[in-house]
Number of protein chains: 2
Amino acid sequence: MADEERLELCECECIHDDVVCAVNEKLQPAREYENLAALLKLFADATRVKLLHALEQHELCVCDLAVLLGVTKSAVSHQLKLLRMSNLVKSRREGQIVYYSLADDHVRQIIDMGFEHLWE
Amino acid sequence: MADEERLELCECECIHDDVVCAVNEKLQPAREYENLAALLKLFADATRVKLLHALEQHELCVCDLAVLLGVTKSAVSHQLKLLRMSNLVKSRREGQIVYYSLADDHVRQIIDMGFEHLWE
DNA sequence: TGAATAGTTGAGCAGTTGTTCAACTATTGA
DNA sequence: TCAATAGTTGAACAACTGCTCAACTATTCA
């Protein structure tokens, strides 16, 4: 690490200079934590995580999801837009109906990991 | 599933009755999604997830964390209280200094899973 | 005992989030 | 071509969140 950066970090009333600087070297750039938080934020809402868990079981259209979640189609559509833009779900249109499904397996893994923590 | 519940779910202008009801049987009770969302919400903030990632590397006191995260001790203390109450971190006091560390390995697993998704 | 320092807490504020409502587009089928 | 239905979108609003500030407690040490 550059000396200037070390100073910038540790010249305050810092208690464990050595440990702080060692840990700091192992951390990721700020941007990575923003991206990670933005990703995990998509799971941080009961409606949205239930929606994702439902899509884990079967592909579903907006109406189906609205019924399952007990909210309006509009609310579902807003959430799906978020999830689609974040590449967590994908969609295919068949006539008037748009079917949504999970884009990859990470969704399942993160939800499973969460439940595992809660249930142990 | 009880007939009444099925009706309650599907008597609306629901498009795929059968699929919706099958999926509904696989879903968890509402409370589970609230708990899961509450858990994952703790990772859904850049400061907090960086804090957890730092604790993954080494136990740290409040001052150390404040320096690493670039926020006040007060802000760190507020976040640590949240994380402590949720059993994600634990603390030990040594004189004036309180050292924080991760309470179990799920934190690491969830963060790693998130980074894996971002980096693939 | 009293000054210094680590940490905690509550109030208050700015910024964000999830929802509904109403208006819109897209597609189907008579 | 027009009505019906699936879905999308933007505005608006209430609820929530994360931060700082100021005041507090806890511990050490001279």
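So you know, we letter chains A, B, ... as the sequences are listed, proteins then strands, and number each from 1.
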Requested in this report: Let me know the distance between CZ of A:R92 and P of D:dG7, rounded to the nearest Å.
Outcome: 12 Å
Report summary line: So ring-ring contact (aromatic ring centres under 6.0 Å, His included) across residues 76-99 of chain A, not counting sequence neighbours, yields A:Y99-B:H16
Query raised in the report: Within this structure, what is the CD-to-P distance between B:E59 and C:dA6, rounded to whole angstrom?
Result: 16 Å
Query raised in the report: Which residue pairs pass the salt bridge (charged side-chain N to carboxylate O under 4.0 Å, His left out) test with at least one member in residues 94-104 of chain B, sequence neighbours excluded?
Result: B:R92-B:E94
Query - Distance, rounded to the nearest Å, where B:L80 contributes CG and C:dT9 contributes P - result: 11 Å
Report summary line: Hits for salt bridge (charged side-chain N to carboxylate O under 4.0 Å, His left out) against A:E32, two or more places apart or cross-chain, chain-then-number order -> none
Report summary line: Quick note, salt bridge (charged side-chain N to carboxylate O under 4.0 Å, His left out) partners involving residues 74-91 of chain A, not counting sequence neighbours, are none
Requested in this report: Provide, to the nearest angstrom, the distance between the NZ atom belonging to B:K73 and the C1' atom belonging to D:dC21.
Outcome: 13 Å
Query raised in the report: If we fit an axis to the first five pairs and another to the last five of the helix from C:dT1-D:dA30 to C:dA30-D:dT1, what angle do they make, to the nearest 10°?
Result: 20°
Query raised in the report: Does D:dT8 have OP1 or OP2 sitting under 4.0 Å from an N or O in the side chain of A:Y100?
Result: yes
Report task. Report the distance from atom NE2 of B:H16 to atom C1' of D:dT5, rounded to the nearest whole Å. Result -> 13 Å
Requested in this report: Can you tell me the distance, in whole Å, between the CG atom of B:L51 and the P atom of D:dT17?
Outcome: 18 Å
Report summary line: When every non-hydrogen atom of B:L39 is compared with those of A:G114, the smallest separation belongs to CD2-O, 3.7 Å
Requested in this report: Report yes if a side-chain nitrogen or oxygen of B:K81 is closer than 4.0 Å to either non-bridging phosphate oxygen (OP1 or OP2) of C:dT9; otherwise report no.
Outcome: yes
Report task. Could you list the residues that satisfy side-chain contact (heavy atoms from CB on, under 4.5 Å) with A:A54, not counting sequence neighbours? Result -> A:L60, A:L65, A:L68, B:V23, B:L27
Query raised in the report: For the pair made of CG in A:L69 and P in D:dG7, what is the distance, rounded to whole Å?
Result: 13 Å
What does the list of N/O pairs under 3.5 Å between the protein and nucleotides 21-27 of chain C look like, with a distance for each?
residue: C:dC21; atom: N4; partner: A:S74; partner atom: OG; Å: 2.6
residue: C:dT27; atom: O2; partner: A:Q96; partner atom: NE2; Å: 3.3

Requested in this report: Not counting sequence neighbours, which residues clear ring-ring contact (aromatic ring centres under 6.0 Å, His included) with A:Y100? List them please.
Outcome: none
**Report entry** With B:E120 via salt bridge (charged side-chain N to carboxylate O under 4.0 Å, His left out) - residues at least two apart
**Finding:** none
Look for any protein N or O under 3.5 Å of an N or O in nucleotides 15-18 of chain C and output each such pair with its distance, or none.
residue: C:dG18; atom: OP1; partner: A:R48; partner atom: NH1; Å: 3.2
residue: C:dG18; atom: OP1; partner: A:R48; partner atom: NH2; Å: 2.8
residue: C:dG18; atom: OP2; partner: A:R48; partner atom: NH1; Å: 3.0

**Report entry** For A:Q79, side chain to side chain donor-acceptor pair (under 3.5 Å) partners two or more places apart
**Finding:** A:R48
Requested in this report: Tell me what A:Y99 touches on the nucleic acid: a base, only sugar-phosphate, or nothing, going by heavy atoms under 4.0 Å.
Outcome: nothing
**Report entry** Pairing residues for A:Q109 by the side-chain contact (heavy atoms from CB on, under 4.5 Å) criterion, not counting sequence neighbours
**Finding:** A:D105, A:H106, B:M113, B:E116
Query raised in the report: Quick one: A:L60 CG to D:dG7 P, roughly how many Å, whole number?
Result: 11 Å
Query - Closest non-hydrogen atom pair between B:L52 and B:L42, with its separation - result: CD1-O, 4.3 Å
